[in-house]
Amino acid sequence: MSLTRRLAFAVALAAPLAAAPAFAQTQLTVQHALPANSHTGVGATTFGSAFERLTNGRYKVVAQRNDNEREMVESVQIGTIDCTFTSTGPVGNFVPEVRIFDVPFLFRDATHARGVLDSEIGQQVLARFPARGLVGVVWLENGFRNMTNSRREINTPADLRGLKIRTMENQVHMRAFTTLGALPTPMAFSELIPALQQGTVDGQENPISVIVANNIFQVQRYFTMTRHVYSPQVMICNPQTVARLSAADRTLFYQAAREAQAANRARVTADDEAGVATLRQNGMTVVTEVDTAAFQAALAPAFAEWERTLDAGTLRRIRDWQ
Ligand code: EAX
């Protein structure tokens, strides 16, 4: 074939491509726990639409639900999905330094928790992820956890004694419930509703946003606003996904993640404000006055253990944070 014929042939082959988009679109898959219309779903979809907008559609972000958070982190690690929006529940099993944020009664309120996570303390923990084959992008929020059960009103730590309570697959939380005299039963969130329906466990604990988003009031009678532990969320991505981004796109990626963080936190605040009324309307017996000091006193042996097993200096810095 002559050069001109070869060129003509090449042009003819290329012609149909002219109808295709002027640029290649890269697809990212992100998974989140809980329904799309929840604080977690809102975080993931806000990230997706923000990143698509900021990159003028060069990226397409597909958001999927998966209520098994450990499985999502594993999928990010092996690269079958790009990112996950997960509570820290199982994350300490991958990045042990995360466990410090799972300590009960560590944060006074959302301002304290968000402030610490956005400070250099939070950044230092995110910096531990790459050694475990993960990138910790940004802290988001699940919220302060409260107790529900089907047996009795919880007013004092003694009321918890002997209750089978589903916990996340989180050794800090399990230690706390053992210390309070309950029987912690760890399982993925995806197994929780059937376990409550079948009576495999008597109760569970979760932020109001999670209880409302999943109609947990349909399978639980008693709610106590213990706010016994703050539950962070974190956006975790596969290192290669992040490495493949150009420097400019990486800036946009982190900007989209911060938009997700803002939308997620605003939704948790709104859910917490409306939540108690929603739980009452749906027939739950609600206890809002809680003797927090009694729960903290009952946890004393566990606190002493965490001073030894976790980073005591960082625990102090978090408690002293203003
Ligand atoms: O991420 O497993 C849990 O109880 C989590 O709080 C829930 O799935 C939200």
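Atom set for the values below is all heavy atoms of this structure, side chains included, hydrogens, waters and symmetry mates excluded. Counting starts at 1 for both ligands and their atoms, following the listed order.
Every N/O-N/O distance between S231 and ligand 1 stays at or above 3.5 Å. Considering backbone and side-chain atoms together, N206 places an N or O closer than 3.5 Å to an N or O of ligand 1. The shortest N/O to N/O separation between T40 and ligand 1 does not fall below 3.5 Å.
Contact annotation: for N142 versus ligand 1, heavy atoms closer than 4.0 Å belong to the side chain alone. Looking at Q233 against ligand 1, nothing comes within 4.0 Å, counting heavy atoms. Residue L34 touches ligand 1 through its side chain alone, judged by heavy-atom distances below 4.0 Å.
In terms of protein heavy-atom proximity, atom 1 (O) of ligand 1 is closest to E69 OE2, 2.7 Å. When only non-hydrogen protein atoms are considered, atom 4 (O) of ligand 1 lies nearest to R166 NH1, 2.7 Å. Of all protein heavy atoms, the one closest to atom 7 (C) of ligand 1 is F189 CD1, 3.7 Å.
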Item to complete: Applying side-chain hydrogen bond (donor to acceptor under 3.5 Å, both in side chains), run through N66 and E71 and close with a yes or a no.
Response: CA-CA 8 Å; N66 181 349; E71 188 179 273; 3.1 Å; yes
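Close contacts of ligand 1 with M168, meaning ligand atoms under 4.0 Å from a residue heavy atom, involve 2 (O), 3 (C), 4 (O), 5 (C), 6 (O).
Under the 4.5 Å side-chain heavy-atom criterion for ILVMFWY residues, a single connected hydrophobic cluster contains both V242 and V61.
Between F47 and F253, a ring centre-to-centre spacing shorter than 6.0 Å is recorded. Taking the six-membered ring wherever Trp is involved, the centroid distance between the rings of W139 and F101 falls below 6.0 Å.
Annotation: side chain to side chain donor-acceptor pair (under 3.5 Å) contacts of Q171 (sequence neighbours excluded): none.
Considering F177, F105, F144 in turn, F177 is the only one that fulfils the ring-ring contact (aromatic ring centres under 6.0 Å, His included) rule with H228. When each of R114, H39, Q233, Q261 is paired with E141, the side-chain contact (heavy atoms from CB on, under 4.5 Å) condition holds for R114 and for no other.
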